[in-house]
Student: 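Dumping the structure here so I can ask a few things about it.
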Amino acid sequence: MNRILVLITLSDSGIETIKSNPELPKKEMEFVHQWKSEAILESFFISVSKKDAVLIFQNIDENKTKELISILPYFPYMSKIEYHNLNKQF
């Protein structure tokens, strides 16, 4: 079973912008919940600092994953995005 692991780091200035706009996190989580309900997002983790996130996608390819990440409200504030194709063993 193939998965795509996405590692995201927000910029320091992005964190400040997000903290100052309470609507941004709400909009971001709407996407996360939608993808979960569509069974394309398997797992979602946020670091304690809230600067980093890990998303594990399933049932879609890397191009579609990149497209989805690019529509997130936090996308302009992301300083680093890594995509890793994985094969789930168990």
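What you see is a predicted model; the values in this text were computed from it and never measured.
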Student: Find the distance between CD1 (Ile15) and CG (Leu10) and round it off to the nearest 0.5 Å.
Tutor: 4.5 Å
Student: Do Glu62 and Lys66 sit within salt-bridge range, that is, some charged N less than 4.0 Å from a carboxylate O?
Tutor: yes
Student: Can you check whether Leu68 reaches Leu41 side chain to side chain, under 4.5 Å on heavy atoms?
Tutor: no
Student: Give the minimum heavy-atom separation between Pro22 and Ser20, together with the two atoms involved.
Tutor: CD-O, 3.7 Å
Student: May I have the step-by-step check of side-chain contact (heavy atoms from CB on, under 4.5 Å) for Asp52 and Leu7, ending in yes or no?
Tutor: CA-CA 7 Å; Asp52 304 292; Leu7 304 172; over 6 Å; no
Student: With a 4.5 Å heavy-atom cut-off, do Val54 and Leu5 have their side chains touching?
Tutor: yes
Student: What distance separates Leu55 CG from Glu42 CD, expressed to the nearest 0.5 Å?
Tutor: 11.5 Å
Student: How far does CG of Asn59 sit from CH2 of Trp35, to the nearest 0.5 angstrom?
Tutor: 14.5 Å
Student: Can you check whether Ile56's main-chain N or O pairs, donor with acceptor, with Gln58's side chain at less than 3.5 Å?
Tutor: no
Student: Which atoms form the tightest heavy-atom contact between Ile4 and Ile60, and what is the distance?
Tutor: CD1-O, 3.6 Å
Student: Taking only residues two or more places apart in sequence, or in another chain, which ones meet Lys64 in a side-chain hydrogen bond (donor to acceptor under 3.5 Å, both in side chains)?
Tutor: Glu67
Student: Return each pair, listed once, that meets ring-ring contact (aromatic ring centres under 6.0 Å, His included) where at least one residue sits in residues 66-90; pairs must be two or more places apart or across chains.
Tutor: none
Student: Tell me whether Asp12 is salt-bridged to Lys51, with the criterion being a basic N under 4.0 Å from an acidic carboxylate O.
Tutor: yes
Student: Could you check whether any side-chain N or O of Ser79 sits under 3.5 Å from a backbone N or O of Thr9, counting only pairs where one atom can act as donor and the other as acceptor?
Tutor: yes
